[in-house]
Amino acid sequence: MERRDKIVLEHVSFVYGAGTPFEQKALDDVSLRISANCITGVIGHTGSGKSTMMNLLNGLAKPAEGKVYLDGYDINTVLSDVLEEWRTRPEYASLSARAAKKAIKAEIARRQRELCFRVGLVMQYPEYQLFEESVYQDIAYGPKNMGLSPQEIDSRVREAAAFTGVEADWLNRSPFDLSGGQKRRVAIAGVMAMKPEVLVLDEPAAGLDPHGRTQLFEKICAYQKQTASAVIIVSHSMEDMAQYCDEVAVLSGARLILQGSREEVFSHTDLLEQVGLDIPQITQLVRLLRARGVELPENIYTVDRAVELLRERFAETGRCPAGGAK
Amino acid sequence: MKNIAFGQYYPADSVIHRMDPRAKLIVAVLYIVCTFLCTNALCFAVLVLSAVVLTLLSKIPLRLLLRTLRPLIFILAFTSLINIFFTKGEHLLTPESWVVKIYLEGIWNALFMILRITILLAATGIFLSFTTTPIALTDALEQLFSPLKKIRVPVHEVAMMTSIALRFIPLLTEETEKIMNAQKARGADFQSGGLIKRAKALLPVFIPLLSSAMKRADELANAMDCRCYHGGEGRTRLKVLHFRASDVAAMVLVVAFGVGIFFLNRLGIGYTM
């Protein structure tokens, strides 16, 4: 399948508390391309600028420098940037200068407003955003803000609820009565119900138990396949990233240090270790086995896959494939 | 909003930053008394000079200090106009025939008033808000007021509540911002519409904020209980405040300054109020 850029960041910088004694650079000259129709993982330590970058993608924060493009449109466009260029477009050409200016201004505002529906952002610990009387109403909050019809809202709420594993009988309960993991699912459903073209999840599995984690990631993967949207997952867990992401970007100290396909990124073992990130344990293990002469492909990211391949090898040779080592 | 330090604490390493917060409180109060002692031009000149020296000592950028004056500009302008137009004196500046009469005394009074308020604010800034963390300040207040414990005023408890409240302000600010962002990401619109619509739009922010604040308070209370917190009695402190020679010197200095101002007043050099 052909690779297409969904979101492009060009030399983006971001500074917190500019001009105060607490000034801090959160992003420093970051250029990143995020593909359509795949899962992109963004990895980095706490404070590496991951969450800041996510807030830039739907216009919640504006970059100090640089541009953010969604499908080629600069999301922070202001009137003066495009006035002359758009003026020549057929839909504005027939208008008077003043009317055209007004129409273009309205169009920019409309796109700005649309942005948060096109790029759905699930924040860290999203369960804190629940507020409605019932789970149903809370999931419906986003679609309602989009101005959809009641029937459409209803079908979207039920669809998103079913998708994230929110059970039908929870829908009429108060979100404050649910457990932490249940609330998390409701919060994610609330964003999925807007059917965004880009779904951004900031540490979606933080604080969940291993079972809940796997379940959640599998649901996200299924969502991506079904909707063919671009999904961005922010995490500091290499294991999760390796297992579920197609492409990976690595941030360290406010800078982007690596980006590319999962295979490409994890082949830079040294660089990753330099910034204090490890390649997944199972990949590491397979590397060591290969070094000892076990014939295995290099890029293995899940334990299941490794076990499967080792079994095959075992069946072929009839002995332990570990090159004689016990 | 992020990273706005609560209050105006400006981190630097200066003589004033290093002073004991209790000494700073006392010195600040005495210095403010000094500003009210001043009644003639010479005194005010000395006072301004001392304020300049203090600003330099504190290493606080002048720009920051002046910013605290901004909300007062209107009041300053208003009261100085009243002073100028309504003070009666001997030296009339405007022609006799004018209805509006301005006297030299009025202008002097306005000037003194502006200087007094400016220096009063600058002094609180230099000694307290810019150079002392809110926590250190409540600590100092607790100790200075501790004699009141004898008459059963719950000094420790009030100080503890104050410092917890102060500690929670940045936390809640950050939380508010986080929740607002989360709701904006779901299409909440806080900017448009009339008053009622806007107030309604804030509901999705206030409810989660309230719920999490309650939860936080509960957790904090539990954590304090777990560590056997039982109020101020017999409690030792992590940071014991020490009066050093320099703190005593500062207090002596400010008293001497006050006495100096008192005598300068008597000399009556320059315009006297």
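Atoms considered below: every heavy atom in the structure, side chains included; atoms not considered: hydrogens, waters and symmetry mates.
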Around His236(A), counting heavy atoms of other residues, nucleotides and ligands shown, do more than 12 lie under 6.0 Å from its NE2? no
Applying a strict 4.5 Å limit to non-hydrogen atoms, the region of Phe176(A) in contact with chain B is side chain
In terms of heavy-atom pairs under 4.5 Å with chain A, the winner among Asp189(B), Asn181(B), Ile207(B) is Asn181(B)
Whatever's closer than 4.5 Å to a heavy atom in chain B on Asp138(A) counts as both
Honestly, the part of Ala12(B) sitting under 4.5 Å from a heavy atom of chain A is neither
- Query: Taking 4.0 angstrom as the limit, do Glu174(B) and Lys178(B) come out as a salt bridge?
  - Reply: no
If you draw a 6.0 Å radius around CZ in Phe217(A), do more than 12 non-hydrogen atoms from other residues or ligands fall strictly inside? yes
Honestly, the part of Phe117(A) sitting under 4.5 Å from a heavy atom of chain B is side chain
Aromatic plane relationship, Phe74(B) with Phe78(B) - under 30° parallel, 30 to 60° tilted, over 60° perpendicular: parallel
**Item:** Presence of salt bridge, Arg110(A) and Glu107(A), under 4.0 angstrom
**Value:** yes
